[in-house]
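The block underneath contains the structure these notes are about, expressed in structure tokens.
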Amino acid sequence: MLDVKMIRQNQAEMKQRLATRGVDPAEIDHLVELDEARRDQIAVSENLKQKRNEVSKQIATLKRSKGDATDLIAEMREVGAQVKQVDEKLAELNEQVQYIVVRLPNLPDASIPVGPDESANHEERKIGTPREFAFTPKPHWEIGENLDILDFERGAKVAGSRFLFYKGLGAKLERAVYNFMLDEHEKEGYTEMITPYMVNDDSMFGTGQFPKFRADVFSTVTDDKEMTMIPTAEVPLTNYYRGEILDEAQLPVYFTALSPSFRSEAGSAGRDTRGLIRLHQFNKVEMVKYVKPEESFNELEKMTANAENILQKLELPYHVITLSTGDMGFSAAKTYDLEVWIPAQETYREISSCSNCLDFQARRAQIRYRDGEGKVHLLHTLNGSGLAVGRTVAAILENYQNADGSVTVPKVLIPYMRGVEKITK
RNA sequence: GGAGAGUUGGCAGAGUGGUAAUGCAACGGACUCGAAAUCCGUCGAACCGGCUUAUACCGGCGCGCAGGUUCAAAUCCUGUACUCUCCUCCA
């Protein structure tokens, strides 16, 4: 959420920068108008309340000295009615202002490319060289099905499309991958967490998914209580400190967690219908940071390096891109995507997304810190995948496949596979 | 699922209709070579509005949250969240 006061004081710049994210400048004009009306109404309300407070004190004094306050009470009855009326109007204006402001995306950082969509993304660096195959590489779902380690058919029968079973060494590989990731992040100073996998609306609001993106999630209703299946562990990890004021000395805080992520994938019908790329439920190791504002961009570089470290140790080719204004997520000011090489598709596919949200989430979730002078400030939050586990397994299966259909286990994972060096039929 | 108790400032803790005691902590000062102790003073989170370059200042709000009653609500009423205890159930 953006600061309305800041928008008001920098209207022209805000309109221009938000326009690069698809916000109609007229909406900002409307917001500023409503805010003006809101502040006028606050002044009216507060004047009335001041009067009420003053006269109420007189009434109290009179009553204590057994005086007659009938006239004053009659007068105050009128003031009370006015306050009620003014406050109703104020609540309405507040709601209108909030309606707009909670749906505005974060301000894009000045360093990112401006453009309508992914075509404007900028490649920062390319690491590793895609392997030359002496045979036609198979897609990972074929490899997995042939080896009997991935079962999409039964996933569809038991749950539906975009669900699967991992089986035998497939399940072991998935577990090896995320255990490896968690161990690496632990070395980098992240505290490992196991979070709730269902959250309330306040949490979904805090990180920016709600109210705008309700269609993207799965929710459950029990006894009229609605909960949301987390679309990413970013939600519980970032809401961990919701509504709290941390001490400056606590910062930075680094969290990591493995969790399933549940996504409805509404609007992506027909895309990536096969394999591990786009599922309703997938595992992901997430990284979240709470940092002081002046450090957030440096921390973004470090977090991205932490995600890259995983790919490098797995010896998977990838590149890093900076998302353009049009391709970036709602809460982010700057995002690096890591895309891993998928041989069968001869292309790079997203496997991690690391974002600096500045104070956008902190303002929504009211997460603050107290500095050395005792002053309270919003802090900055970052989140990144480190990495999407299912897509990592897909990349391993495809990049490490052999002509005979077997898959060599990446060196760093062998200890996590209890010594298994190759997955064969 | 049933029954009961609770939620007040950084912490402890009073307050059952008249506008948030008190203690500790914190901050400033005195004393001291310095510190402790003591004494004096200040401050009760955060937030919002006004006025400001910014402080300051003025006002509002503020007793888990949301409503209601009232001239006036921490206090009365309704709903709700969470915590604790007991029963039930359960991994």
Side-chain angles (χ1 to χ4, degrees), chain A residues 1-10 31-98 100-102 194-206 210 220-228 236 239-251 290 293 359 361-379:
Chain A
M1 194 162 70
L2 298 173
D3 181 5
V4 178
K5 194 183 284 179
M6 192 266 292
I7 294 175
R8 178 169 82 223
Q9 289 165 352
N10 305 280
L31 174 66
V32 170
E33 258 170 55
L34 284 169
D35 181 56
E36 190 74 31
R38 181 185 70 94
R39 284 180 299 131
D40 285 349
Q41 205 68 4
I42 286 173
V44 173
S45 168
E46 290 191 350
N47 283 337
L48 285 169
K49 283 172 181 168
Q50 184 177 358
K51 178 164 189 198
R52 182 177 71 184
N53 287 342
E54 281 163 4
V55 178
S56 284
K57 257 175 216 167
Q58 293 173 26
I59 293 173
T61 310
L62 272 174
K63 289 260 181 187
R64 260 194 297 270
S65 59
K66 303 271 192 274
D68 177 26
T70 317
D71 291 348
L72 284 177
I73 287 174
E75 189 189 335
M76 281 305 98
R77 188 168 291 152
E78 177 58 26
V79 172
Q82 280 176 25
V83 166
K84 194 170 176 181
Q85 202 185 345
V86 170
D87 278 356
E88 270 168 23
K89 171 85 175 145
L90 179 58
E92 215 173 279
L93 284 166
N94 265 330
E95 223 170 272
Q96 289 172 1
V97 167
Q98 282 303 106
I100 294 174
V101 79
V102 302
I194 295 176
T195 74
Y197 298 151
M198 295 193 278
V199 296
N200 57 32
D201 281 10
D202 287 344
S203 294
M204 291 298 284
F205 177 83
F210 282 4
T220 66
V221 178
T222 305
D223 294 334
D224 289 335
K225 254 183 74 170
E226 188 171 350
M227 299 204 79
T228 300
N239 279 280
Y240 183 79
Y241 284 124
R242 168 154 53 82
E244 299 192 27
I245 299 175
L246 309 186
D247 277 334
E248 185 176 24
Q250 287 176 263
L251 301 176
Y290 301 76
D359 62 11
Q361 293 181 323
R363 183 171 293 106
R364 288 180 159 248
Q366 286 297 296
I367 313 168
R368 292 166 291 179
Y369 73 99
R370 198 180 300 276
D371 68 19
E373 293 180 346
K375 292 209 166 157
V376 174
H377 313 274
L378 292 169
L379 47 72

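What you see is a predicted model; the values in this text were computed from it and never measured. Just so it is clear: chains get the letters A, B, ... in the order the sequence lines come, proteins before strands, and each one is counted from 1.
For Lys84(A), a side-chain nitrogen or oxygen approaches OP1 or OP2 of rU69(B) to under 4.0 Å. The side chain of Arg370(A) contributes no N or O atom lying less than 4.0 Å from OP1 or OP2 of rA45(B).
Taking the nucleotide of RNA chain B with the nearest heavy atom to each of Ile73(A) and Ile245(A), the more 5' of the two is matched to Ile245(A). Nearest-nucleotide positions on RNA chain B for Arg39(A) and Gly80(A) put Arg39(A) closer to the 5' end.
Here the separation of rU83(B) from rA91(B), taken at their C1' atoms, is 23 Å to the nearest Å. Comparing rA45(B) with rA25(B), their C1' atoms are spaced 14 Å from each other, to the whole Å. Nucleotides rG4(B) and rG50(B) have their C1' atoms positioned 49 Å apart, rounded to a whole Å. Comparing rC48(B) with rA54(B), their P atoms sit 15 Å apart, to the nearest whole Å. Look at the P atom in both rC11(B) and rC65(B): the space between them is 15 Å, to the nearest Å. A distance of about 40 Å separates the C1' atoms of rC61(B) and rG2(B), rounded to the whole Å. Between rU22(B) and rG28(B), the two P atoms lie 23 Å apart (nearest whole Å). When the P atom is used for both rG13(B) and rG6(B), the distance is 14 Å, rounded to whole Å.
For a distance-only test at 3.5 Å, the side chain of Gln50(A) fails to qualify as a donor-acceptor partner of the base of rG59(B).
What separates CE of Met76(A) from C1' of rG18(B) is a distance of 15 Å, to the nearest Å. Going from atom NZ of Lys49(A) over to atom P of rA73(B) covers 11 Å, rounded to whole Å. The nearest whole Å value for the distance from the CG atom in Asn94(A) to the P atom in rG60(B) is 19 Å. rA46(B) atom P lies 15 Å from atom OH of Tyr369(A), rounded to whole Å. Rounded to an integer number of Å, the gap from CG of Leu378(A) to C1' of rA46(B) is 12 Å. Per the geometry, CD belonging to Gln82(A) stands 14 Å off P belonging to rC71(B), to the nearest Å. Regarding Arg8(A), its CZ atom lies at a distance of 11 Å from the C1' atom of rC48(B), rounded to whole Å. One atom, NZ of Lys375(A), and another, C1' of rC43(B), lie 15 Å apart when rounded to the nearest Å.
Within the 3.5 Å criterion, the main-chain N or O of Val102(A) finds a donor-acceptor partner in the side chain of Arg364(A). Using a distance-only test at 3.5 Å, with no hydrogens or angles considered, a donor-acceptor pair links the side chain of Asn10(A) to the main chain of Met6(A). In terms of modelled atom types and a separation under 3.5 Å, the side chain of Ser56(A) and the main chain of Arg52(A) share a donor-acceptor contact. In this structure, Asp359(A) contributes its side chain and Arg363(A) its backbone to no donor-acceptor pair below 3.5 Å. Panel note: side chain Asp3(A), backbone Lys5(A); a donor-acceptor pair is recorded below 3.5 Å.
Consecutive pairing runs in RNA chain B reach the stem threshold at B:1-7 with B:81-87, B:10-12 with B:22-24, B:26-30 with B:38-42, B:47-50 with B:57-60, B:64-68 with B:76-80, where a stem means at least three Watson-Crick or G-U wobble pairs with distances under 3.5 Å.
Salt bridge present: Asp87(A) and Lys49(A) bring a charged side-chain N and a carboxylate O closer than 4.0 Å.
For the segment residues 51-63 of chain A, residues with any heavy atom less than 4.0 angstrom from an atom of RNA chain B are, sorted by number, Arg52(A), Asn53(A), Ser56(A), Ile59(A), Ala60(A), Lys63(A).
In this structure, Lys5(A) reaches the sugar-phosphate backbone alone: every heavy-atom distance under 4.0 Å involves primed, P, OP1 or OP2 atoms, never a base.
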Step-by-step side-chain contact (heavy atoms from CB on, under 4.5 Å) determination, Glu244(A) to Ile367(A): CA-CA 5 Å; Glu244(A) 299 192 27; Ile367(A) 313 168; 5.8 Å; no
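Distance check: Glu75(A) CD to Leu72(A) CG gives 6.0 Å after rounding to the nearest 0.5 Å.
Using a 4.5 Å heavy-atom threshold, the side chains of Gln361(A) and Arg242(A) count as separate. Residues Asn239(A) and Val199(A) are not in side-chain contact: their nearest non-hydrogen atoms beyond the backbone lie 4.5 Å or more apart.
Using a 30° and 60° split on the angle between ring planes, Tyr290(A) and Tyr241(A) fall in the perpendicular class, above 60°.
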